[in-house]
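See structure below.
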Amino acid sequence: MYQEIESVDPMVERVHDGLADYRGDWELICVDDGSRDGTGQRLREIAARVGPHMRVICLRRNFGQTAAMQAGFDAARGELIATLDGDLQNDPADIPRMVDELLARDLDLLQGWRRRRQDDLVMRKIPSRIANAMIGKVTGVALHDYGCSLKVYRAEVIKEVTLLGEMHRFIPVWVAGVTAPQRIGETEVTHQARQFGTSKYGISRTFRVLLDLLAAFFFLRFGSRPGHFFGSIGILFGVLGGLMMTHLLVVKFVLGEDIGNRPLLFVSILLLVASVQLLTTGVLAELLTRTFYASGERTHHRIRWASDPETAGWRSS
């Protein structure tokens, strides 16, 4: 929650009403993202009244939605984690059904789909539809509504993902980096018009989405082999530059024409220099990647289940 003091009381009430018949144990973690309107103080007051199952995390300043969600993931103790915005547009009553659906479909992430979205058409809906189509096309993870914060995750999967920058827009994409895309699904959820406060997002975020999309594409496809990305471009530039230079050599020494003032000469030199730079950048990126994975416990692969090595034996002939 950020600058949502008017939404605090109804939000907590709706969560309790929505989970009143939930069969399992649950906790409510509210993250105040550095609000200056008293949102954090109000959350602490309500938590003291409703009980210890409501926990409050107040960030020192406004770090953004991605950091706030990461703080919540780190603090969560359950086997399943549900996320929703604190602006009352998501309906907590959808959570029990989503939990049952995630388990029934054996998914690692169930994404909410605001099919009947109650937002402005030009400023919110149209940019969102364009972004969703682009993300699905580029990443291969096709969903109708990446921007919906109402999601249910398996904790063991989402805790494998470290959220940085503004990665919250692409959580299903990053989750696809640690689990199969087939284990990511979506379901229709209720969406309501904002009652209090103002939206923290506008049309300007479309440009940030494009930059984040490039980063997501790179890390998904080439995160463990960056040399292939830089190397393939470098080889392409090198081949083009080499062909151009070969043509100029024929013109110079076979046809006897002057090539000193030809733009093609400078273009070919530029391509060859860029090729060398990209190839060496790829080698350095490979070294950094190998150092990263070799310096800690983190590996590029993820294990979903493994037999207990303590009970393993040997087959004797």
Side-chain angles (χ1 to χ4, degrees), residues 66 126-143 146 161-178 180-181 202-296 298-302:
T66 300
I126 292 179
S128 179
R129 290 171 183 171
I130 295 174
N132 290 327
M134 290 179 56
I135 296 170
K137 188 70 173 178
V138 171
T139 64
V141 183
L143 297 172
Y146 272 87
V161 179
T162 301
L163 300 180
L164 300 170
E166 296 190 5
M167 287 170 50
H168 65 275
R169 300 190 186 99
F170 300 96
I171 285 181
V173 176
W174 298 108
V175 169
V178 299
I203 193 70
S204 61
R205 71 171 179 167
T206 303
F207 304 103
R208 298 198 296 270
V209 168
L210 293 176
L211 297 175
D212 292 338
L213 182 57
L214 290 175
F217 173 78
F218 175 81
F219 282 104
L220 270 183
R221 300 290 179 88
F222 304 99
S224 62
R225 47 188 179 93
H228 290 202
F229 175 79
F230 294 105
S232 59
I233 301 176
I235 291 174
L236 176 62
F237 282 7
V239 170
L240 292 175
L243 291 174
M244 292 179 184
M245 193 63 73
T246 301
H247 168 73
L248 291 172
L249 288 173
V250 172
V251 172
K252 174 67 176 178
F253 295 105
V254 176
L255 302 180
E257 299 179 8
D258 183 30
I259 63 172
N261 296 322
R262 296 198 178 195
L264 191 63
L265 174 63
F266 300 100
V267 173
S268 61
I269 294 174
L270 178 62
L271 287 173
L272 290 174
V273 172
S275 174
V276 173
Q277 290 181 326
L278 286 167
L279 289 172
T280 53
T281 299
V283 173
L284 292 175
E286 288 284 341
L287 291 174
L288 290 173
T289 301
R290 294 174 186 271
T291 302
F292 171 74
Y293 286 118
S295 62
R298 189 176 180 87
T299 60
H300 184 253
H301 64 274
R302 299 293 185 272

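- In this view, Thr66 and His168 satisfy the side chain to side chain donor-acceptor pair (under 3.5 Å) rule, not counting sequence neighbours.
- In this structure Arg225 satisfies the salt bridge (charged side-chain N to carboxylate O under 4.0 Å, His left out) test with no other residue, sequence neighbours excluded.
- Pairs passing the side chain to side chain donor-acceptor pair (under 3.5 Å) check and including a residue from residues 278-287, sequence neighbours excluded, do not occur.
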Can you list the steps and then say if Val161 with Ile171 is a side-chain contact (heavy atoms from CB on, under 4.5 Å)? CA-CA 9 Å; Val161 179; Ile171 285 181; over 6 Å; no
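- The salt bridge (charged side-chain N to carboxylate O under 4.0 Å, His left out) analysis of residues 232-241, with sequence neighbours excluded, yields no pairs.
- Among pairs with a residue in residues 269-281, none fulfils salt bridge (charged side-chain N to carboxylate O under 4.0 Å, His left out), at least two apart in sequence or across chains.
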Exercise answer: donor-acceptor pairs, residues 240-261 side-chain atoms, under 3.5 Å, sequence neighbours excluded:
| from | atom 1 | to | atom 2 | distance (Å) |
| --- | --- | --- | --- | --- |
| Thr246 | OG1 | Gly242 | O | 2.8 |
| Glu257 | OE1 | Arg262 | NH2 | 2.6 |
| Asp258 | OD1 | Gly260 | N | 3.2 |

Distance-only criterion, 3.5 Å: show the donor-acceptor pairs between side-chain atoms of residues 229-236 and protein atoms not counting sequence neighbours.
| from | atom 1 | to | atom 2 | distance (Å) |
| --- | --- | --- | --- | --- |
| Ser232 | OG | His228 | O | 2.8 |
| Ser232 | OG | Phe229 | O | 2.9 |

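- Residue pairs meeting the salt bridge (charged side-chain N to carboxylate O under 4.0 Å, His left out) criterion with at least one member in residues 240-250, sequence neighbours excluded, do not occur.
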